[in-house]
Amino acid sequence: MKKTKALIGDAGATFSNAFTATPLCCPSRSSILTGQYPHNHSVRNNSLDGNCSSPLWQKGPETTAFPVYLSKQHYQTFYAGKYLNQYGKKETGNVGYVPPGWDQWHALMGNSQYYNYTLSVNGKEEQHGDNYEKDYLTDLILNRSLHFLDDRSPQRPFFIMLSPPAPHSPWTAAPQYEKNFTDVKAPRDGSFDKPGKDKHWLLRQPSNPMPSTSLNFLDNAYRKRWQTLLSVDDMVEALVKKLEGLKELNNTYIFYTSDNGYHTGQFSLPIDKRQLYDFDIRIPLMVRGPGIKPQQTLLAPVLNIDLAPTFLDISGLNLSFVNMDGQSFLSQMLRNGTARPYFLVEYTGEGHLDPDPACPKLGPGLSQCFPDCVCEDAYNNTYACVRTLAEHNLQYCEFADTESFVEVYNLTSDPHQLENIVKKVDPTLLQAMNQRLIKLQSCEGDSCHCLWRNERGLERSIWDWTNAV
């Protein structure tokens, strides 16, 4: 992604501590749209039962998503690519349903595809095949965004949101990139193929060391993901050139980010996301635009729930009129200010009522089973974490299971989260972190912004403890 780094990161700010509030597509995208934690927008996972693009979502949180406010600010809005995993299904209104706030709508029905997919084009069904020039989705949404830029009114501001399928499976590269990275393997550092001892039971079940079948599978996925991203790199370059040609580049903020992290081999898990560890909850975030000094690296933590209020702040909207859990980081980019000292990460696990036919010995309640019967999700892979980064690098997580399992990591001394130190921690500190977590899990809007006030005593005790461990 050399072009993207040069054209956005080097030309603006790179956030080295950007996180998702939940490491899975649909709930994370719902957080981006609403500026809310999952416990407030109620999208729990990628299923209809999990409220993904459901009628309840459409009648509730989606009506106050950021494009609704941008439309009221007279923005011309354009969306293209994957939206929410269940979008376009019969139960969610078919492709005729267009979410409020979008003037131009070119959204994928269902989950990521590169060829042979269906789009909703302003509410009308559009079928696509497997012709690269006509159908490759990453290129198609780029070309339509370029047409939008040509056709828009220059007297009104605009907002474009592009959501390419890359690097999501099925990892179909453009023809010109199919032979790139042929000798590349997933990095073997950090927690790669380390046993998940002292962790939640789901992390203790993979074989360690990984068999060659799992290694070959994850290396192949790693290569193909990079191949698909080369088309995204081209997309960024084409958009920047277009804006420059229109003399709009210096007036435009450009954000580059993702909805979740990903793992390839960490703790012997072949591929996926959904876990509480840094490799799944950290996301890329680079921004360029008016007033942002180039080649900045900003350390303060930023969440994906902060994107919506930041977009609205840029539009000039008074943020007191919106009920969002996130906070604008516009001033942080312009003046390198500070942000929240801690935040919440939460996830609701998914499973199947019946055992996986390929792995019957594991029983029911699991999902996302990969080669060698490594299942990466389960009903009780449901957790909530407090992550701190202000004066210390600490993570405290509780699972909603019969064990009431707890994981605690001091990432200053253990950046790869190899050792769960819950048994080494002073119980009074665990109790304090539990109370902090309870408050985060029930916060809403403004109350999410001020939880850390009057906590100086707790901050001091955590600082002393992290230095001692």
Atom CD in Gln104, atom CZ in Phe158: separation rounded to 0.5 Å? 14.0 Å
Among residues at least two apart in sequence or on other chains, which ones pass salt bridge (Lys or Arg N to Asp or Glu O under 4.0 Å) with [X]?
X      : answer
Asp272 : Arg274
Asp234 : Lys3
Arg29  : Asp259
Asp219 : Arg188

N-O pairing of [X] and [Y] below 4.0 Å:
X      : Y      : value
Lys5   : Asp10  : yes
Arg144 : Glu126 : yes
Glu248 : Arg152 : yes

Residue pairs passing the side-chain hydrogen bond (donor to acceptor under 3.5 Å, both in side chains) test with at least one member in residues 165-175, sequence neighbours excluded, are none
Across all chains, not counting sequence neighbours, the disulfide (SG to SG under 2.5 Å) partners of Cys369 are Cys375
Can you list every disulfide (SG to SG under 2.5 Å) pair that touches residues 40-130, not counting sequence neighbours? Cys26-Cys52
Applied to residues 44-63, the salt bridge (charged side-chain N to carboxylate O under 4.0 Å, His left out) test, sequence neighbours excluded, yields none
Among pairs that include at least one residue of residues 284-306, which meet salt bridge (charged side-chain N to carboxylate O under 4.0 Å, His left out), considering only residues two or more places apart or in two chains? Asp306-Arg340
Any residue meeting ring pair (Phe, Tyr, Trp, His ring centres under 6.0 Å) with Tyr83, in chain and number order, not counting sequence neighbours: Tyr79, Tyr87, Trp105
Would you say the side chains of [X] and [Y] form a donor-acceptor pair under 3.5 Å?
X      : Y      : value
Tyr347 : Asn260 : no
Asn46  : Glu350 : no
Glu346 : His39  : yes

The side-chain hydrogen bond (donor to acceptor under 3.5 Å, both in side chains) partners of Ser71 (sequence neighbours excluded) come to none
Centroid separation Tyr115 to Tyr136 less than 6.0 Å: yes
With sequence neighbours excluded, what pairs up with Pro187 under the side chain to side chain contact (heavy atoms under 4.5 Å, CB included) test? Asp189, Tyr222
Plane angle bin for Trp226 and Phe181 - parallel if under 30°, tilted between 30 and 60°, otherwise perpendicular: tilted
